[in-house]
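See structure below.
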Amino acid sequence: MSVRITLADLRSEAVIRLIADHMRLMNELSPPGSNHGFDLQALKADDVSVWAAHIGTELVGCVAIKQIDQRHGEIKWMHTRRGYRNRGI
């Protein structure tokens, strides 16, 4: 299995769907008021980068990282599609 990592295109329908799926899942699993993940609009900030994982042409996951300073960042959220979880992606 070869995984290709690229900067995510936040205009891509596949990326938008994956972000929506992630937010929906986190809202289902988190107590009210406890989901602090970034939505699509927050992911467009200059200090946030979103990376996409692909196997072939299929988007299988994403991670959002907020830059704190030149050497530090904070993972804001990450999500792997259900069929690809527990496979080292």
Side-chain angles (χ1 to χ4, degrees):
M1 167 178 60
S2 177
V3 179
R4 181 175 47 92
I5 307 292
T6 61
L7 278 172
D9 179 356
L10 296 178
R11 299 167 299 178
S12 159
E13 288 298 320
V15 171
I16 292 168
R17 273 193 313 274
L18 187 134
I19 292 167
D21 290 347
H22 172 73
M23 294 302 292
R24 188 171 26 263
L25 178 63
M26 291 301 97
N27 284 327
E28 289 173 9
L29 298 176
S30 302
S34 296
N35 181 4
H36 305 290
F38 282 14
D39 62 13
L40 182 60
Q41 191 60 37
L43 295 173
K44 295 179 180 179
D46 290 338
D47 60 348
V48 176
S49 58
V50 180
W51 296 86
H54 295 85
I55 295 178
T57 60
E58 186 173 2
L59 175 66
V60 298
C62 282
V63 61
I65 302 170
K66 178 177 172 55
Q67 185 175 354
I68 304 297
D69 58 36
Q70 290 296 325
R71 295 182 46 187
H72 300 91
E74 176 183 18
I75 295 173
K76 297 309 293 181
W77 65 261
M78 59 186 186
H79 185 82
T80 304
R81 289 194 184 279
R82 181 170 303 205
Y84 292 92
R85 294 179 191 156
N86 300 313
R87 294 174 52 183
I89 297 173

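Values in this document were obtained by computation on a predicted structure and should not be read as measured data.
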Transitive ILVMFWY side-chain link Trp77 to Ile5, under 4.5 Å: no
Same apolar cluster: Leu7 and Ile55, side chain cutoff 4.5 Å: yes
Aromatic ring pairing His22/His79, orientation class (parallel under 30°, perpendicular over 60°, tilted between): perpendicular
Whether over 12 other heavy atoms sit under 6.0 Å from Met78 CE: no
Check: Arg87 and Val60 side chains under 4.5 Å, non-hydrogen atoms: no
Within-4.5 Å side-chain heavy-atom neighbours: Asp46 and Gln67: no
Ala52 to Ala8 - nearest heavy-atom pair and separation: CB-CB, 3.9 Å
Point-to-point distance, once rounded to the nearest 0.5 Å, from CG of Leu40 to CG of Leu18: 11.5 Å
Side-chain heavy-atom pair Trp51, Thr6 within 4.5 angstrom cut-off: no
Close side-chain approach of Leu10 to Ile19, heavy-atom, < 4.5 Å: yes
Spacing of CG belonging to Asp39 relative to NZ belonging to Lys44, to within rounding of 0.5 Å: 9.5 Å
Test item: Arg4 side-chain N/O and His54 main-chain N/O as donor-acceptor pair under 3.5 Å: no
Separation of Met26 CE from Asp21 CG (nearest 0.5 Å): 11.0 Å
Connected via hydrophobic side-chain network under 4.5 Å: Val50 and Phe38: yes
Atom pair NZ/OG of Lys76 and Ser49 - distance to nearest 0.5 Å: 12.5 Å
In one Ile/Leu/Val/Met/Phe/Trp/Tyr side-chain cluster, 4.5 Å: Met23, Ile65: no
Spatial distance of atom CG (Leu43) from atom CD1 (Ile16) [nearest 0.5 Å]: 11.0 Å
